[in-house]
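First listed ligand is number 1; within each ligand, the first listed atom is number 1.
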Amino acid sequence: MMSEDSCGRKCCMVMYSCNWRQPSERKRKCSCCWLSVLTAVSLLTLFWMYVCLMAFNDREDVNWKAFSILKLWVNWFMVLIVIAAVLTIYCILLLVFALVQLALKEPLDLHCLHKLFLFLGVVFIALGTTGISLQWKKEWHTVLLSLQATAPFLQMGGVGALTLVSCLVFQCFQRTRRIASKILIMVVFAGVSVAIFLSPLLIQSPCLVEEKQLPPKPALIGHRGAPMLTPENTLMSFRRSVGCHVIAFETDVQLSKDRVPYLMHDHGSHFLRRTTDVLHKFPGKDFNHSTNLTWEELQELNAGDWFLKTDPFCSVSQLSEQEKKIAGNQSVPSLLQLLDLAKTHNTSVIFDLKNDDNNDTIDTVNTILKSGIPQDLILWLPPKHRVDVREVAPGFIQVYNDVSDMDLDRGDHLNVKYSALSATEIWELRSRNVSVNLWVVNEPWLFSLLWCSGANSVTTNACSLLQDMTQPDWTMRPDRYRMIWITVDLGSLLIMVTLFILQREREAKKGFSGWNQRELSLFLPSE
Ligand SMILES: *[C@@H]1O[C@H](CO)[C@@H](O)[C@H](O)[C@H]1NC(C)=O
Ligand SMILES: *[C@@H]1O[C@H](CO)[C@@H](O)[C@H](O)[C@H]1NC(C)=O
Ligand SMILES: *[C@@H]1O[C@H](CO)[C@@H](O)[C@H](O)[C@H]1NC(C)=O
Ligand SMILES: *[C@@H]1O[C@H](CO)[C@@H](O)[C@H](O)[C@H]1NC(C)=O
């Protein structure tokens with residue numbers, strides 16, 4: 001046991017309160033409140049960290065939004081994650097210090113600087129949550145969806161935490177003298193326990209399946225090529241995605257002043273600024289439409305250097321010197337160049353038409369027909385002039401971004417955001433022989449979930465990562481899962497009952513003599 005003035009004891013106290021004088025009785029009550037606040041804030045930071053990790057799949061959305069406001073490409077999402085991680089670690093450490101203090105029977109006097117940091121943390125999380133609710137509401141769907149992948153593990157973690165916390169709760173229960181308080185403590189604790197123990201009854205996950213019912217692995221479609229490893233929408237990027245065995249190239253088409261279809265995602269007011277050196281080559285010009293430049297002018301732009309400079313996926317260090325040189329020498333490709341590549345590799349092409357007026361569709365279709373690519377390699381997505389397109393190019397495969405549009409047209413290809421369909425809906429579409437493609441899937445947990453759900457293919461930024469997966473992150477037979485959670489629950493219940501009885505006996509032996517003199521027996525060995 002540590003002596004009164006031991007170094008560790010002081011150290012812990014200094015971390016928590018920056019002070020080792022004994023506080024007054026009134027302060028003591030207050031510090032107990034602060035412990036509750038600290039616990040609540042810690043739970044909040046854990047929740048926020050979870051949200052950030054699950055939203056990581058869609059980090060581009062945040063960075064893109066920030067770019068469109070600030071016209072400056074910074075990996076803001078990474079900044080957000082780092083702040084969230086620091087905050088979480090800080091709160092958890094503080095909580096650990098508090099528990100050690102409690103175990104050492106030292107006063108819990110939280111320093112006001114810590115109080116300030118906790119307050120700032122709460123403000124940060126409140127701002128973040130409000131921000132998502134206002135600007136990025138769809139992301140809550142992703143967080144909910146992620147529970148299908150994580151709930152079984154969260155539940156077991158919850159059972160573990162509950163078992164640990166039960167020591168403190170039982171101690172509190174033994175020490176409280178008023179019957180009403182005793183009942184309150186027990187009712188609340190029992191309620192929470194029952195909820196956590198029985199939550200698996202509500203857990204549904206497509207990954208709780210028999211192994212032989214697991215659908216085949218979804219095929220991959222390269223989102224603007226392989227943008228995590230190479231500059232997006234360049235020939236280098238599409239060539240790189242061929243190495244991932246993608247079944248299709250996904251891209252974005254716009255038309256130049258002289259009617260050449262070329263590949264570029266950004267359009268509108270920040271057109272060309274993010275992915276080319278347009279500000280350097282055409283200083284003072286504020287281009288905002290694809291037709292502002294001729295094909296010849298577009299050819300002057302460098303479309304790869306930005307990738308090396310901003311390193312948007314922290315992946316440039318993985319490139320060899322040779323690859324860096326190639327990446328730094330990419331230009332804006334034309335649709336024709338991509339079609340030639342697709343023809344060579346027997347790969348399909350799917351694209352958005354960014355400025356979808358009538359002539360754009362005609363000129364694009366003509367370019368495709370002239371290129372000589374087999375028509376069934378074109379997955380036609382732009383909905384506006386679908387009827388006309390089908391007339392001149394009956395061989396194109398029509399792809400819909402809406403189930404009812406597809407059913408009206410008796411189509412059988414669907415392309416939607418991954419959170420737009422539930423596992424049951426995907427299953428139902430699959431049984432109707434509809435080919436379902438989901439975008440944009442980058443994280444293995446999400447890919448695993450959609451694999452279990454039966455998606456036919458996904459559009460991804462991370463083709464090299466997903467290509468290497470030979471099975472989903474996890475799958476389990478439903479009966480095995482039932483056995484596991486019941487065992488875990490019973491084990492936890494047994495430990496709790498044992499703890500409760502042990503503690504009661506110890507209390508009975510010692511007799512009641514007040515909170516402050518007594519050992520917190522579970523944290524220290526009894527003499
Ligand atoms: C670009 O095109 C748009 C639409 O045609 C036009 O309004 C704008 O003035 C053009 N900008 C430049 C710099 O040529
Ligand atoms: C790539 O390199 C060639 C030859 O060195 C050069 O002519 C061309 O302008 C470069 N392209 C870009 C986009 O930098
Ligand atoms: C192209 O791939 C499809 C399947 O993806 C296959 O059926 C077809 O035979 C291939 N064509 C050529 C020319 O290899
Ligand atoms: C789906 O395709 C399979 C095999 O191609 C066929 O046997 C089945 O009848 C089709 N189902 C529907 C609903 O069209």
| task | Might you point out which heavy atoms bring Thr276 and Leu301 nearest each other, and give the distance in Å? | result | OG1-CD1, 4.0 Å

| Going by the order shown, which atoms of ligand 3 are within less than 4.0 Å of some heavy atom of Asn346? | 1 (C), 2 (O), 3 (C), 8 (C), 10 (C), 11 (N), 12 (C), 14 (O)

| request: Give a yes or no answer on whether the side chain of Thr275 reaches the backbone of Leu272 with a donor-acceptor pair at less than 3.5 Å. | output: no

| NZ or CZ of Arg386 within 45° of Tyr400 ring axis and under 6.0 Å | yes

| said: Can you list everything that forms a disulfide (SG to SG under 2.5 Å) with Cys207? Sequence neighbours excluded, please. | reply: Cys452

| said: Under a 4.0 angstrom heavy-atom cut-off, which atoms of ligand 1 come close to Asp286? | reply: 13 (C)

Protein N/O near ligand 4 N/O, under 3.5 Å, which pairs?
{"residue": "ligand 4", "atom": "2 (O)", "partner": "Asn433", "partner atom": "OD1", "Å": "3.2"}
{"residue": "ligand 4", "atom": "2 (O)", "partner": "Asn433", "partner atom": "ND2", "Å": "2.2"}
{"residue": "ligand 4", "atom": "11 (N)", "partner": "Asn433", "partner atom": "ND2", "Å": "3.0"}
{"residue": "ligand 4", "atom": "14 (O)", "partner": "Asn433", "partner atom": "ND2", "Å": "3.4"}

| field | Note: Lys65-Asp61 ion pair, threshold 4.0 Å (strictly below) | value | no

| task | Return yes or no for this condition: an N or O of Asn292 is under 3.5 Å from an N or O of ligand 1. | result | yes

| query | Quick one: does Asn456's side chain have a donor or acceptor within less than 3.5 Å of a partner on Asn437's backbone? | reply | no

| field | Sidechain-backbone polar pair: Lys417 side chain, Val440 backbone, donor-acceptor under 3.5 Å | value | no

| message | As an exercise, identify every atom of ligand 1 less than 4.0 angstrom from a heavy atom of His289. | response | 2 (O), 3 (C), 4 (C)

| Going by an N to O cut-off under 4.0 Å, is there a salt bridge joining Arg59 and Glu443? | yes

